Amino acid sequence: MSRTRLRGRFHLLAALVVTLVQLPAVLWLCWVTRTPLPAVVAVLVSVPYLRQLQSPWHTTAPALSTYLALGWWSACLMFDLLMVPAALAVRAGLPMVATWGVAGAVALVLGTDAVLGRPRIRKRVVRVEGLPPALDGYRIGQISDVHCGPHVSEERVSSWVARLNARDLDLVTVTGDLITHGSSHVEAVARALGGLRAKDGAFACMGNHDYFTDGEHLARELERRGLTVLRNRGVVVRRGDARLYVAGVDDTWTSRDDLERALAKRPEGVPTVLLAHDPDLFPQAQAHGVELTLSGHTHGGQLGVPGVRRLSLARFITRWTAGLYRQGRSWLYVNRGAGTTGPPARLGAPAELAVITLRRV
């Protein structure tokens with residue numbers, strides 16, 4: 001089948017899906033207003049973005065129509081999910097107009113947050129056996145999947161950097177997918193991330209999107225801006241007499257990863273923090289006795305059921321979708337990321353910046 005016909009079928013499917021998603025909300029609004037105006041508005045909001053999908057790789061910043069369409073569709077999807085609870089509430093005796101009005105308001109708020117929400121600070125505590133007293137309370141910042149590009153400007157990345165810097169961290173980490181694709185934003189993201197500050201430095205690993213351009217050039221720019229890029233290697237960080245081994249593995253999608261090499265110089269008995277963009281490396285890290293693995297990659301699915309991390313698109317690629325996991329003595333934290341790929345929207349998988357505090361058991 002020709003690429004043109006495949007693209008045509010994709011556009012038809014996309015139009016069908018967004019129509020079905022909008023239908024309940026539009027019908028409800030038409031019933032409330034007693035006019036067909038909501039249906040007209042839905043068409044006017046949807047058509048411009050559907051036309052944009054004919055050129056999937058945008059090189060310019062998205063138009064206002066993009067955010068209007070994605071925010072509206074997200075609100076409609078949330079309304080769809082709230083339909084059954086709202087109907088049950090009305091059947092139980094709650095006022096119909098008020099109940100459906102609340103459902104509509106909640107859907108609108110969540111739809112707006114899906115396109116305009118800023119990353120949330122996630123704080124987690126990881127208890128490490130054998131952690132030296134000098135490292136008790138050691139705080140590690142993590143930013144991941146910024147995807148600097150048409151949807152994420154250098155200024156936005158710099159604002160995220162400033163929020164982490166305000167936490168006065170001991171160590172700060174960047175766990176891959178720093179760009180979307182191409183070379184146009186390599187220098188920009190390196191400049192922004194070069195502003196990261198922590199007592200013991202800033203460390204980064206590479207993700208799959210970082211090789212959608214010249215990965216060597218990106219790594220050099222990051223190093224030039226002051227980050228330590230860990231590609232299948234590690235370094236010892238000292239805090240008084242205490243030591244922490246910080247290691248990083250390279251991209252799994254291009255088979256550049258080598259965990260054995262990354263841990264080869266790890267001193268015996270020294271707690272280890274591993275930067276691994278792909279969380280599927282966690283079982284290997286556990287087998288090697290790594291205390292804490294920091295990953296990204298999944299975006300938490302970018303689309304999921306709010307509050308239920310198992311119910312997201314990330315389940316199609318990994319069992320480690322988002323948040324904190326533990327197996328034996330080893331911990332994994334999967335960061336949902338700060339940026340987006342594809343549509344610049346997140347529903348049920350809010351963007352985040354993480355602060356992990358190490359504690360003695």
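Atom set for the values below is all heavy atoms of this structure, side chains included, hydrogens, waters and symmetry mates excluded. Bear in mind that the values here come from a model prediction, so they are computed numbers and not experimental data.
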Rounded to the nearest 0.5 angstrom, the CD-CD distance for Gln286 and Glu291 is 11.5 Å

Do side-chain atoms of Asn232 reach the backbone of Arg256 as a donor and acceptor pair under 3.5 angstrom? yes

Is it true that a side-chain atom of Thr298 and a backbone atom of Gly300 form a donor plus acceptor pair closer than 3.5 Å? yes

Donor-acceptor contact present, side-chain Glu223 to main-chain Val229, <3.5 Å: yes

Do Val355 and Leu358 sit in one hydrophobic cluster, given that two such residues count as connected whenever their side-chain heavy atoms are within less than 4.5 Å of each other, even indirectly? no

Is there a donor-acceptor pair under 3.5 Å between the side chain of Thr173 and the backbone N or O of Gly141? yes

When you measure from the side chain of Asn335 to the backbone of Gly296, do you find a donor-acceptor pair of N or O atoms at a distance under 3.5 Å? no

Linking I/L/V/M/F/W/Y whenever any side-chain heavy atoms sit under 4.5 Å apart, do Leu303 and Leu108 land together? no

How are the rings of Phe79 and Trp100 set relative to one another: parallel (under 30°), tilted (30 to 60°) or perpendicular (over 60°)? tilted

Taking atom CZ of Arg118 and atom CH2 of Trp160, what is their separation to the nearest 0.5 Å? 11.5 Å

Steps toward side-chain hydrogen bond (donor to acceptor under 3.5 Å, both in side chains) verdict (Asp257, Thr252): CA-CA 5 Å; Asp257 58 300; Thr252 59; 5.4 Å; no

Decide whether Trp73 and Ser46 meet the rule of one side-chain donor and one side-chain acceptor closer than 3.5 Å. yes

To the nearest 0.5 Å, tell me how far Thr228 OG1 sits from Phe203 CZ. 4.5 Å

Compare all side-chain heavy atoms of Glu352 with those of Gln142 and state whether any distance is below 4.5 angstrom. no

Could you state the interatomic distance from CH2 (Trp331) to CZ (Arg127), rounded to the nearest 0.5 Å? 8.5 Å

Is it the case that the side chain of Lys199 and the backbone of Asp168 share a donor-acceptor pair, with hydrogens and angles ignored and the cut-off at 3.5 Å? yes

For a 4.5 angstrom cut-off between non-hydrogen side-chain atoms, does Leu292 reach Val128? no

Can you confirm whether Leu178 sits close enough to Leu193 that some side-chain heavy atom of one is under 4.5 Å from a side-chain heavy atom of the other? yes

Mind listing the closest non-hydrogen atom pair of Val146 and Ala338 along with its distance? CG1-CB, 4.5 Å

Do Val237 and Ile140 sit in the same hydrophobic cluster, where Ile, Leu, Val, Met, Phe, Trp and Tyr count as joined when their side-chain heavy atoms come under 4.5 Å apart? yes

Looking at side-chain heavy atoms only, is the closest gap between Val186 and His217 below 4.5 Å? yes

Has Arg346 got a side-chain atom pairing as donor or acceptor with Gly348's backbone, closer than 3.5 angstrom? no

With side chain to side chain contact (heavy atoms under 4.5 Å, CB included) as the test, pick out the partner of Gln302 among Asp145, Thr340, Leu313. Thr340

Write down the atom of Thr318, the atom of Trp320, and the distance for their closest heavy-atom approach. OG1-N, 3.1 Å

Can you tell me how far the CG atom of Leu230 sits from the SG atom of Cys205, to the nearest 0.5 Å? 8.0 Å

List the steps and the verdict of side chain to side chain contact (heavy atoms under 4.5 Å, CB included) for Ile356 and Leu294. CA-CA 10 Å; Ile356 311 294; Leu294 299 177; 4.2 Å; yes

Are Leu324 and Val361 in one and the same hydrophobic cluster, where Ile, Leu, Val, Met, Phe, Trp and Tyr link if side-chain heavy atoms are under 4.5 Å apart? no

Looking at side-chain heavy atoms only, is the closest gap between Arg167 and Ile121 below 4.5 Å? yes

Val270 with Leu259, same ILVMFWY side-chain cluster at under 4.5 Å: yes

Please find the pair of heavy atoms, one from Arg336 and one from Ala349, that lie closest to each other, and give the distance. CD-C, 4.3 Å

Hey, does the side chain of Asp250 reach the backbone of Met206 with a donor-acceptor pair shorter than 3.5 angstrom? no

May I ask you to decide if Gly117's main-chain N or O and Arg120's side chain share a donor-acceptor pair within less than 3.5 Å? no

Indicate yes or no: at least one non-hydrogen side-chain atom of Ser330 is less than 4.5 angstrom from one of Phe282. yes

Return the CZ to CD distance between Arg191 and Glu221, rounded to the nearest 0.5 Å. 8.5 Å

Quick one, Gln22 and Trp72 - any side-chain contact, counting heavy atoms below 4.5 Å? yes

Take Tyr325 and Thr321 through the test side chain to side chain contact (heavy atoms under 4.5 Å, CB included) and record every step on the way to the result. CA-CA 10 Å; Tyr325 300 87; Thr321 57; 3.2 Å; yes

Between Val157 and Ala192, what is the shortest heavy-atom contact and its length? CG1-CB, 3.6 Å

Taking C-beta and beyond as the side chain, do Ser153 and Arg156 meet within less than 4.5 Å on heavy atoms? yes

Stepwise side chain to side chain contact (heavy atoms under 4.5 Å, CB included) test for Met78 and Leu347: CA-CA 9 Å; Met78 289 310 306; Leu347 187 60; 3.8 Å; yes

Lys/Arg N to Asp/Glu carboxylate O, Glu187 vs Arg224, below 4.0 Å: no

Looking only at non-hydrogen atoms, find the nearest pair between Ala354 and Tyr333 and report the distance. CB-CE2, 3.7 Å

Under the side chain to side chain contact (heavy atoms under 4.5 Å, CB included) rule, what do Val273 and Val290 come out as? Steps first, then yes or no, please. CA-CA 7 Å; Val273 175; Val290 172; over 6 Å; no

Answer yes or no on whether Arg239 is positioned over the face of Tyr138, meaning its NZ or CZ is under 6.0 Å from the six-membered ring centre and within 45° of the axis. no

Out of the candidates His297, His299, His181, His147, only one should pair with His209 under the ring pair (Phe, Tyr, Trp, His ring centres under 6.0 Å) rule; please name it. His147

Nearest non-hydrogen partners of Ser295 and Pro279, listed with the distance: OG-CA, 3.5 Å

Under the 3.5 angstrom rule, does the side chain of Trp253 hit a backbone N or O of Asp278 as a donor-acceptor pair? no

Would you say Asp251 and His277 are linked by a side-chain donor-acceptor pair, where the criterion is simply a distance under 3.5 Å? no

Greater than 12 external heavy atoms within 6.0 Å of Arg34's CZ: yes

